[in-house]
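Below is one structure, written out as structure tokens; the observations come after it.
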Amino acid sequence: MGDALRGSPDYQFTAGGQWIAHPCDIIDSDIDATRPEHFLTAGTEGFDYLPEQYFMHGPPENEVLATTIFSGEHAPETA
């Protein structure tokens, strides 16, 4: 979960992340399970998905369970 309420650090800690940008609309993405043994991703391998991409800041203790590669095609400043 994340939000953009920059003026409320207490809320940011509660939400667990901070929204940064929405660089494009809905685009094809390849999702890769980085922790297929985790109970939330058990039995999951890679799959195609059509999500909205969001850039988020999050605490380093967040456990990443799945990833996608953002090419920068829709936001060249991020490449």
Side-chain angles (χ1 to χ4, degrees):
M1 182 171 122
D3 203 11
L5 299 173
R6 303 285 197 282
S8 179
D10 289 340
Y11 185 78
Q12 293 296 313
F13 283 117
T14 301
Q18 190 175 71
W19 177 86
I20 302 301
H22 182 252
C24 56
D25 202 9
I26 298 170
I27 59 172
D28 287 322
S29 297
D30 296 322
I31 309 299
D32 294 309
T34 58
R35 294 278 316 277
E37 73 285 354
H38 193 280
F39 76 95
L40 291 175
T41 53
T44 303
E45 296 179 12
F47 59 94
D48 295 331
Y49 189 58
L50 197 60
E52 291 183 84
Q53 297 278 346
Y54 291 93
F55 286 178
M56 302 286 296
H57 282 169
E61 63 271 10
N62 279 358
E63 185 175 355
V64 177
L65 302 177
T67 62
T68 187
I69 294 175
F70 184 76
S71 70
E73 174 185 354
H74 304 284
E77 67 278 9
T78 64

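What's counted below: heavy atoms across the whole structure, side chains too, no hydrogens, waters or symmetry copies. Bear in mind the structure is a predicted one, so any value in this text is a computation, not a measurement.
- Without hydrogens or angle criteria, Thr34 side chain to Leu65 main chain gives a donor-acceptor distance under 3.5 Å.
- In this structure, NE2 on His57 lies 12.5 Å from CG on Asn62, to the nearest 0.5 angstrom.
- The structure places OG1 of Thr41 at 12.0 Å from CG of Asp32, a figure rounded to the nearest 0.5 Å.
- Using modelled atom types, no side-chain atom of Ser29 and backbone atom of Leu50 make a donor-acceptor pair closer than 3.5 Å.
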side-chain contact (heavy atoms from CB on, under 4.5 Å) between Ile31 and Thr67, intermediate numbers included: CA-CA 6 Å; Ile31 309 299; Thr67 62; over 6 Å; no
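- Counting non-hydrogen atoms of neighbouring residues, nucleotides and ligands closer than 6.0 angstrom, the OH atom of Tyr49 reaches no more than 12 such neighbours.
- Crowding of Glu37 atom CD: a count of heavy atoms from other residues, nucleotides or ligands under 6.0 Å exceeding 12.
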